[in-house]
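As the structure lists them, so they are numbered: ligands from 1, and atoms in each ligand from 1. The chain is numbered in sequence order, starting from 1.
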Amino acid sequence: MRTAICPGSFDPVTNGHMDIIRRASVLFDKIIVLVSRNAEKYTLFTAEERCELIRRVTGDIPNIEIDLFDGLTVDYARSKNACALVKGLRAISDFEYEFQMAMTNKLLCPEIETIFLITSGDYMYLSSSIVKEMAQFDVDISQFVPPVICEDIKQRIMNKEK
Ligand code: PNS
C-alpha cells in the first residue's frame with residue numbers, strides 16, 4: 001500500500017491543486033490531502049472550512065482522504081506510513097521555495113521523498129492568492145476553481161469587506 005501526502009494551504013483549493021491531486025491519485029494507492037492550519041498566516045477560510053471545500057470537490061476520487069494538521073508535514077507523513085510528499089511546481093519562481101522545503105524535509109525525514117508534478121500549462125500562473133484577488137474585483141472565478149465552490153469564495157470575500 002503506497003500512500004502519498006499532498007500538503008498545502010488550499011486557501012481555497014484551485015483547479016491547479018485539483019490537477020495535481022487527481023494526477024497523484026493515479027500514481028499512488030492512497031493519497032491524503034493535508035491542509036496546513038498555517039497559524040502564523042492570515043487565511044480566508046479556517047482549516048476545517050478548507051477541508052470541507054476540498055471534500056466537496058473530490059468526492060469522485062476513490063482513494064483520497066482529507067485531513068488537517070498543525071505540526072511538521074513529515075511527522076504527519078511518518079505517522080501514516082506515507083512514502084512521498086507530492087507537490088505541484090508551477091513557474092520557475094516556485095522552485096527556490098519548494099527546493100528549500102524539499103531539502104529541509106529530506107533532512108528531517110530521509111525515507112520520505114518529495115515528488116514534484118509539473119503543473120499543466122493551463123494552471124501555470126494560477127494560485128489561491130490570484131483567485132482571491134480576482135473574486136474581490138468580481139471577476140468570474142469559475143475558470144480558476146471548481147464551480148461548486150465559487151459562491152462560497154465570493155460570499156466570504158463580500159462578508160470580509162463589510
Ligand atoms: O500551499 P503552500 O502554502 O505552499 O503549502 C506550504 C506547506 C503547508 C506545505 C508547508 O508550509 C508545510 O509543510 N508546513 C507545515 C510545517 C512544516 O512541515 N514545515 C517544514 C517545511 S520546510
Q) What protein heavy atom is closest to atom 16 (C) of ligand 1, reported as residue, atom name and distance in Å? A) Gly71 O, 3.7 Å

(Q) Looking at ligand 1, would Tyr97 count as a contact under a 4.0 Å heavy-atom criterion? (A) yes

Q) Side chain, backbone, both or neither: which part of Ser36 comes within less than 4.0 Å of ligand 1 when only heavy atoms are counted? A) side chain

Q. Which residue supplies the protein heavy atom nearest to atom 15 (C) of ligand 1, what is that atom called, and how far is it?
A. Thr73 OG1, 3.5 Å

**Q.** Nearest candidate to atom 2 (P) of ligand 1, where distance is taken over non-hydrogen atoms, out of Ser128, Ser9, Pro7, Cys6
**A.** Ser9

(Q) Quick check against the 3.5 Å criterion: does Asp29 have a side-chain atom that pairs as donor or acceptor with the backbone of Thr3? (A) no

Q | ligand 1 contact on Asn105 by region, counting heavy-atom pairs under 4.0 Å | A | side chain

Q: Tell me which part of His17 gets within contact of ligand 1: side chain, backbone, both or neither, using heavy atoms under 4.0 Å.
A: neither

Q | Pick from Glu98, Met103, Met101: the one approaching atom 21 (C) of ligand 1 most closely through a non-hydrogen atom | A | Met101

Q | 4.5 Å side-chain heavy-atom contact, Lys41 and Ser36 | A | no

(Q) For Gln100, which part has a heavy atom under 4.0 Å from ligand 1: side chain, backbone, both, or neither? (A) neither

Q: Compare all side-chain heavy atoms of Ile115 with those of Phe28 and state whether any distance is below 4.5 angstrom.
A: yes

(Q) Salt bridge check, Asp19 against Arg23: does any charged N sit closer than 4.0 Å to a carboxylate O? (A) yes

